[in-house]
Amino acid sequence: MLQTAFIRENQEKVINALAKRNMDAKSIVEEVVQLDEKRRATQVELDGILSESNKLSKDIGELMKNGEKSKAAILKEKTVLNKEKSKKLAETADVLAAELLDKLYTLPNLPADIVPEGKTPEENLNVFHEGAIPVLHEGAQPHWELVKKYDIIDFELGVKITGAGFPVYKGKGAKLQRALINYFLDKNTAAGYNEVQVPHMVNEASAYGTGQLPDKEGQMYHDKTDDLYLIPTAEVPVTNLFRDVILNESELPILTTAYTPCFRREAGSYGAHVRGLNRLHQFDKVEIVRVEHPDKSYEALDGMVEHVKSILQELKLPYRILRLCGGDMGFTASLTYDFEVFSTAQDRWLEISSVSNFETFQANRLKLRFKDKDGKNQLAHTLNGSSLALPRVLAGILENYQTPEGIVIPEVLRPYCGFDIID
């Protein structure tokens with residue numbers, strides 16, 4: 001959430017920055033400023049009345065002490081009027097604050113200066129590419145055919161149990177999935193990330209805290225009885241570990257990693273590009289989250305990008321890195337790098353990670369602060385990244401490592417799997 005004072009003092013800057021997201025924010029920025037002016041004016045009037053009431057109370061006490069009851073009675077009448085007035089003003093201030101918050105929730109984060117212009121994914125900037133695209137044998141197949149051939153993932157059985165987008169992993173498929181999770185966690189903890197296990201459901205405050213609500217409300221599974229949401233990513237519960245927390249500057253940075261299943265409705269998704277593992281309603285993901293000093297968050301973002309690169313280098317998968325344009329960037333991000341692996345059998349790139357800096361956007365919602373050297377509370381910066389999302393990594397391995405004899409397991413995963421080939 002953008003800070004009200006920043007919007008008020010930088011109206012043109014906010015409007016111009018959000019134009020990079022292809023958003024005409026002029027009217028809503030004006031509404032935010034107007035609501036804030038009304039709220040502040042109401043609060044000033046309320047504070048004045050409360051201050052006057054405090055003074056009247058002292059004066060009444062002095063008059064009563066001196067036996068001047070008639071004068072005290074006059075002042076008491078005034079305090080009654082002030083009480084009624086202050087109650088109405090407090091109610092007005094609360095209504096204005098709620099209206100202001102609702103407006104602020106609709107404004108996305110401001111893109112960083114280096115975010116490229118653009119409206120569609122085709123306008124994202126390719127900033128890095130590594131790994132040769134393998135030449136597959138004749139008759140090579142996409143992963144949804146391979147998993148049937150080797151009986152390692154059953155999509156139809158998932159449909160029977162739950163519905164489309166909920167696959168059942170079997171035998172070596174299940175072991176490879178577990179191997180990837182353990183490998184990712186080991187890589188992250190070796191890089192200094194502290195592993196945590198977190199709930200897979202969150203309350204409304206948590207979903208608002210990281211910006212999933214109200215922006216992604218239609219994409220989240222919601223249990224209305226208990227008003228809880230299934231998590232779309234571990235970013236939500238992990239980042240909320242620090243909600244309403246004031247850290248000491250010496251505690252920064254904080255590095256956290258977690259494995260969770262993730263749940264997304266993916267409403268409106270259809271076609272060949274969502275076939276097989278390409279898009280699921282339930283999938284596994286290992287996440288990294290950082291809480292950083294504002295002066296060091298972009299250096300940290302670069303470090304996270306290098307970390308994800310190191311994983312893909314060890315898996316020996318061809319990949320590229322895209323700097324997302326304004327029109328393709330997520331609601332909460334200031335800057336995002338997407339990692340994509342090349343699926344040789346599908347002849348297309350598959351997104352497997354997003355690494356983002358949110359600057360103070362989430363921290364402002366979360367009230368996540370730190371005490372600086374002068375003892376003042378400052379908003380921290382939050383960052384997160386997938387390291388990695390499993391379905392498309394698994395699809396890339398199955399397709400790029402297939403041979404006529406079977407699917408070879410990447411060397412780095414063999415100690416985790418206990419086997420060298422799926423045949």
Side-chain angles (χ1 to χ4, degrees), residues 1-15 18 25-110 203-211 213-215 217 227 240 243-246 360-371 374-380:
M1 186 167 65
L2 299 177
Q3 297 176 68
T4 310
F6 180 85
I7 296 172
R8 185 174 65 244
E9 295 162 14
N10 300 274
Q11 295 178 50
E12 286 304 314
K13 181 177 180 178
V14 171
I15 292 166
L18 291 178
K26 189 173 187 296
S27 60
I28 190 170
V29 165
E30 290 174 350
E31 287 175 28
V32 164
V33 172
Q34 289 167 6
L35 279 169
D36 184 49
E37 287 175 353
K38 288 180 184 177
R39 182 195 61 80
R40 288 193 299 150
T42 303
Q43 190 63 50
V44 167
E45 188 178 354
L46 175 59
D47 290 344
I49 289 174
L50 293 174
S51 177
E52 183 185 13
S53 295
N54 287 336
K55 185 178 182 304
L56 286 171
S57 294
K58 289 179 183 176
D59 291 345
I60 289 168
E62 287 294 320
L63 290 169
M64 292 296 288
K65 194 190 295 182
N66 297 331
E68 299 179 80
K69 292 183 180 180
S70 58
K71 288 182 179 180
I74 294 170
L75 294 186
K76 281 181 181 179
E77 287 178 14
K78 197 168 184 181
T79 61
V80 171
L81 291 173
N82 278 356
K83 191 174 181 181
E84 290 174 2
K85 227 188 245 187
S86 63
K87 183 183 176 183
K88 288 179 182 177
L89 285 169
E91 288 171 353
T92 301
D94 287 344
V95 169
L96 290 168
E99 288 179 9
L100 176 61
L101 191 61
D102 285 342
K103 293 292 180 187
L104 290 171
Y105 277 146
T106 66
L107 285 171
N109 203 355
L110 304 185
N203 55 29
E204 186 178 70
S206 294
Y208 268 97
T210 46
L213 291 180
D215 181 55
E217 187 165 8
D227 197 19
N240 271 278
R243 175 155 48 93
D244 297 319
V245 169
I246 300 176
T360 61
F361 192 81
Q362 288 182 332
N364 191 30
R365 290 187 177 214
L366 295 160
K367 294 185 172 58
L368 166 53
R369 294 155 291 175
F370 69 94
K371 282 196 179 296
D374 299 323
K376 294 180 180 177
N377 290 341
Q378 305 284 352
L379 289 172

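Below, each value reflects all heavy atoms present in this structure, side chains not excepted, and no hydrogens, waters or symmetry copies.
Every ring-ring contact (aromatic ring centres under 6.0 Å, His included) that Tyr105 has, sequence neighbours left out, goes to Tyr208. Partners of Lys13 by side-chain contact (heavy atoms from CB on, under 4.5 Å), not counting sequence neighbours, listed by chain and number: Phe6, Asn10. In this structure, Lys367 has no side-chain hydrogen bond (donor to acceptor under 3.5 Å, both in side chains) partners at least two apart in sequence or on a different chain. In terms of the side-chain contact (heavy atoms from CB on, under 4.5 Å) criterion, residue partners of Asn377 (sequence neighbours excluded) are, by chain and number, Ile246, Arg369, Lys371. Residues satisfying the side-chain hydrogen bond (donor to acceptor under 3.5 Å, both in side chains) criterion with Asp227, sequence neighbours excluded, are His222. Asp36 meets the side-chain contact (heavy atoms from CB on, under 4.5 Å) test with Thr4, Arg8, Arg39, Arg40, Leu100; sequence neighbours excluded. Considering only residues two or more places apart in sequence or on other chains, Glu52 meets the salt bridge (charged side-chain N to carboxylate O under 4.0 Å, His left out) condition with Lys78. Residues satisfying the salt bridge (charged side-chain N to carboxylate O under 4.0 Å, His left out) criterion with Lys65, sequence neighbours excluded, are Glu62.
For the pair Ser206 and Arg243, the tightest heavy-atom approach, listed with the atom from each and the gap, is OG-NH2, 2.9 Å. Ala363 and Ala380 make their closest contact through CB-O, 3.1 Å (heavy atoms, listed as atom of the first residue, atom of the second, distance). Closest heavy-atom contact between Ala25 and Leu107: CB-CD2, 4.4 Å.
The distance from atom CG of Leu2 to atom NZ of Lys103, rounded to the nearest 0.5 Å, is 15.0 Å. Separation of atoms CD (Glu31) and NZ (Lys26) is listed at 11.5 Å; rounding is to 0.5 Å. The line from NZ of Lys55 to CG of Asp59 is 4.0 Å long, rounded to the nearest 0.5 Å.
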Side-chain donor-acceptor pairs under 3.5 Å in residues 69-76, sequence neighbours left out?
{"from": "Lys71", "atom 1": "NZ", "to": "Glu68", "atom 2": "OE1", "distance (Å)": "3.2"}

Which side-chain N or O atoms in residues 84-91 pair as donor and acceptor under 3.5 Å with protein atoms at least two apart or in another chain?
{"from": "Ser86", "atom 1": "OG", "to": "Asn82", "atom 2": "O", "distance (Å)": "3.0"}
{"from": "Ser86", "atom 1": "OG", "to": "Lys83", "atom 2": "O", "distance (Å)": "2.9"}

Name every donor-acceptor pair, under 3.5 Å, that has one atom in a side chain of residues 41-50 and the other anywhere in the protein, sequence neighbours excluded.
{"from": "Thr42", "atom 1": "OG1", "to": "Lys38", "atom 2": "O", "distance (Å)": "2.7"}
{"from": "Gln43", "atom 1": "NE2", "to": "Asp47", "atom 2": "OD1", "distance (Å)": "3.0"}

Quiz item: Checking side-chain contact (heavy atoms from CB on, under 4.5 Å) for the pair Leu104/Asn364: CA distance, chi angles, key distance, verdict?
Solution: CA-CA 11 Å; Leu104 290 171; Asn364 191 30; over 6 Å; no
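Contact check for Leu213 versus Glu204: side-chain heavy atoms found under the 4.5 Å cut-off. Looking at heavy atoms from C-beta onward, Leu379 lies out of side-chain contact with Leu368 at the 4.5 angstrom threshold. At least one side-chain heavy atom of Leu110 sits under 4.5 Å from a side-chain heavy atom of Leu18. When side chains are defined from C-beta on, Val14 does not count as touching Val32, because their heavy atoms never get closer than 4.5 Å.
Under 3.5 Å, the side chains of Asn54 and Ser57 contain no donor-acceptor pair of N or O atoms.
Annotation: ring-ring contact (aromatic ring centres under 6.0 Å, His included) contacts involving residues 61-103, sequence neighbours excluded, are absent.
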